[in-house]
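Here is the structure we will look at.
Computed from a prediction, not measured in an experiment: that's the story for all the values here.
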Amino acid sequence: MSADKNVINLNQIRKAKARADKRALADENAVKFGRSKAQKALEQAQTAKAKAILDAHKKDDR
């Protein structure tokens with residue numbers, strides 16, 4: 001019988017669609033909020049440098 005070849009497991013389709021939807025949402029969030037490792041390192045280095053410059057200009061009155 002050739003009818004057996006057209007059997008579809010609806011649970012698999014449902015789960016595949018859920019995975020695809022979850023992946024799409026994750027990709028959206030990565031674009032919105034994500035930063036690369038290099039960007040994070042650059043920001044951290046800039047913050048450290050700014051803090052060092054500020055600390056160098058403090059007066060020691062105490």
Distance check, rounded to the nearest 0.5 Å: Lys17 atom NZ versus Asp21 atom CG? 4.0 Å

With rounding to the nearest 0.5 Å, note down the distance linking NZ in Lys22 to CZ in Arg19. 10.5 Å

Give a yes or no on whether Gln39 atom CD has more than 12 heavy-atom contacts from other residues, nucleotides or ligands under 6.0 Å away. yes

Within a 6.0 Å radius of atom CZ on Arg23, are there more than 12 heavy atoms belonging to other residues, nucleotides or ligands? no

Heavy-atom closest pair, residues Asn9 and Asn11: OD1-N, 3.0 Å

